[in-house]
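What follows is a set of notes on a single structure, which appears directly below.
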Amino acid sequence: QNLDMKVTDTQVAGTVTEIDPLVSKTSAADGEQLRVKLDDGRLVSVLALKSRHIKNGDHIEISEHHHATGRVTHTLK
């Protein structure tokens, strides 16, 4: 049984505090890594496509994924 396949999703929001280029060995970087300060004060990293045109200071919605293993990941909504 793969516990990482069991996921509970929660919607959270936060403010973009930093944007770094996405480093990729396989393709031209179409994305960027966002550092986001969630409304509850936590800092998380989220990947985003450059075509979303997200800027520092933007308030964004994020899906927070709680895996059965205890791992927590985040994706841009």
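Predicted, not measured: the structure shown is a model, and the values here were computed from it. Start at 1 with the first residue, then count along the sequence. Computed from heavy atoms alone, side chains included, the values below leave out hydrogens, waters and symmetry copies.
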Would you be so kind as to tabulate the donor-acceptor pairs closer than 3.5 Å made by side chains of residues 37-46, with sequence neighbours excluded?
from, atom 1, to, atom 2, distance (Å)
Asp39, OD1, His59, NE2, 3.0
Asp39, OD2, His59, NE2, 3.4
Asp40, OD1, Arg42, N, 3.1
Asp40, OD1, Arg42, NE, 3.2
Asp40, OD2, Arg42, NE, 2.9
Asp40, OD2, Arg42, NH2, 3.0
Arg42, NH1, Glu64, OE2, 2.8
Arg42, NH2, Glu64, OE2, 2.9
Ser45, OG, Gln33, NE2, 3.3
Ser45, OG, Arg35, NH1, 2.9

For Asn56 and Ile19: C-alpha separation, side-chain torsions, deciding distance, then whether side chain to side chain contact (heavy atoms under 4.5 Å, CB included) applies. CA-CA 7 Å; Asn56 279 330; Ile19 301 174; 3.7 Å; yes
| Stepwise side chain to side chain contact (heavy atoms under 4.5 Å, CB included) check, His66 with Thr10 | CA-CA 8 Å; His66 295 265; Thr10 306; 3.9 Å; yes
task: Decide side-chain hydrogen bond (donor to acceptor under 3.5 Å, both in side chains) for Ser63 and His74; before the verdict, give the C-alpha distance in whole Å, the side-chain angles of both, and the deciding distance to 0.1 Å.
output: CA-CA 6 Å; Ser63 293; His74 298 86; over 6 Å; no
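For the pair Gln11/Lys77, a side-chain contact is recorded, criterion being any heavy-atom separation below 4.5 Å from C-beta on. Between Leu34 and Ile54 the shortest side-chain heavy-atom distance falls below 4.5 Å. Between His67 and Thr73 there is a side-chain heavy-atom pair separated by less than 4.5 Å. Proximity of Ile60 to Thr15: side-chain heavy atoms (C-beta onward) are nowhere separated by under 4.5 Å. Counting heavy atoms from C-beta outward, Leu47 and Leu76 have side chains that stay 4.5 Å or more apart.
Connection of Leu22 to Val36 is not established within any shared hydrophobic cluster, with ILVMFWY side chains joined at heavy-atom distances below 4.5 Å, either directly or through further cluster members.
Scanning both residues, Gly31 and Lys50, for their nearest heavy atoms gives O-CE, 3.6 Å.
Between the side chain of Asp30 and the backbone N or O of Leu49, no donor-acceptor pair lies under 3.5 Å.
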